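First listed ligand is number 1; within each ligand, the first listed atom is number 1. Quick caveat: nothing in here was measured; it's all calculated off a predicted structure.
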Amino acid sequence: MKRIVILISGRGSNMQAIVQACAEQGWPARVVAVIANRADAQGLDFARQHGIATAVVEHTAHGSRAGFDAALAHAVDACAPDLVVLAGFMRILGADFVGRYAGRLMNIHPSLLPAFPGLHTHRRALEAGCKAVGATVHFVTAELDHGPIVMQSVVPVHPSDDEDRLSARVLATEHVIYPLSVRWFVEGQLRIDGARVAHTAGASQIWI
Ligand code: GAR
């Protein structure tokens, strides 16, 4: 059984999608803990209701990024994870933290990386006149919203779209591609080769 730890900052809808898929599809894995950097992260309630251990490591309690990263690593290591999943975790993690979990730290970002790293992705994509947007699951490297891409979803932009409508449609695809990517990892079906990630049986790594 692979051990998964999920880090969240808020709503946690991607975390919920992963927990549900893991249970319903009988993955060879278990979500052993959900850790938040905010005590008021809504997703913590879902985790508690589903009998998953929770912890809070508040970034505000630490004077430096390094101090927070060390406290977070301490909490994560206590769970002995095979995979650490960032699901709407809105703190930048330093090179030491990222290096500690190299090859077993995944993130989802609501854009077609390498386009639009950072915040307000849908607003920026609309302003740029993009005709298609999407989401990216990737292994985390020290560079923000960067790293070997596991899977992407592609969502057409409609002329009537605003930020809310677009983000809702992209989020619905996140709930497909993130559980699938995590499932592939725990089943040992992903091979990282430099900047590229391949599915060993050649499954499609794009969701349209
Ligand atoms: C998701 O859209 C996720 O892609 C994004 O935050 C949202 C979290 O929603 N993550 C980032 O922007 C990371 N750079 P959720 O808490 O409901 O999963």
When you look at Glu187 and Arg183, which way does the salt bridge (Lys or Arg N to Asp or Glu O under 4.0 Å) test go after all the steps? CA-CA 6 Å; Glu187 289 179 346; Arg183 178 179 183 164; 2.9 Å; yes
Measure the distance from atom 14 (N) of ligand 1 to every protein heavy atom, then report the residue, atom name and distance (to 0.1 Å) of the closest one. His109 ND1, 3.1 Å
Could you check atom 10 (N) of ligand 1 against the protein and tell me its nearest heavy-atom contact, residue, atom and distance included? Ile108 O, 3.6 Å
Residue-ligand contact Ile8/ligand 1, heavy atom below 4.0 Å: no
Do other residues, nucleotides or ligands put more than 12 heavy atoms under 6.0 Å from Asp40 CG? yes
Quick one: look up the protein heavy atom nearest atom 2 (O) of ligand 1 and list residue, atom name and how far away it is. Glu174 OE2, 2.9 Å
Nearest neighbour in protein (non-hydrogen) for atom 12 (O) of ligand 1: Pro110 CD, 3.3 Å
Specify side chain, backbone, both or neither for Val170, according to which of its non-hydrogen atoms lie closer than 4.0 Å to ligand 1. neither
Just let me know how Met90 lines up against ligand 1, side chain, backbone, both or neither, with a heavy-atom cut-off below 4.0 Å. side chain
Around atom CG of Asp96, are there more than 12 heavy atoms from other residues, nucleotides or ligands closer than 6.0 Å? no
Closest non-hydrogen atoms of Asp82 and Met1, given as atom of the first, atom of the second and distance, are OD2-O, 4.1 Å
Sidechain N-carboxylate O distance under 4.0 Å for Arg196, Asp193: no
Aromatic ring pairing Phe89/Phe68, orientation class (parallel under 30°, perpendicular over 60°, tilted between): parallel
Among all protein heavy atoms in this structure, tell me which lies nearest to atom 6 (O) of ligand 1, with the distance rounded to 0.1 Å. Gly88 CA, 3.9 Å
Does the salt bridge (Lys or Arg N to Asp or Glu O under 4.0 Å) test come out yes or no for Asp69 and Arg91, once each step is laid out? CA-CA 10 Å; Asp69 282 8; Arg91 302 299 298 175; over 6 Å; no
Among all protein heavy atoms, pick out the one at the shortest distance from atom 9 (O) of ligand 1; state its residue, atom name and that distance to 0.1 Å. Arg11 NH2, 3.0 Å
Using non-hydrogen atoms of the residue, decide whether Gly12 is closer than 4.0 angstrom to ligand 1. yes
Does an N or O from Asn107, backbone or side chain, lie closer than 3.5 Å to an N or O of ligand 1? no
Which of Val137, Ile149, Leu190 passes side chain to side chain contact (heavy atoms under 4.5 Å, CB included) with Val197? Answer is Leu190
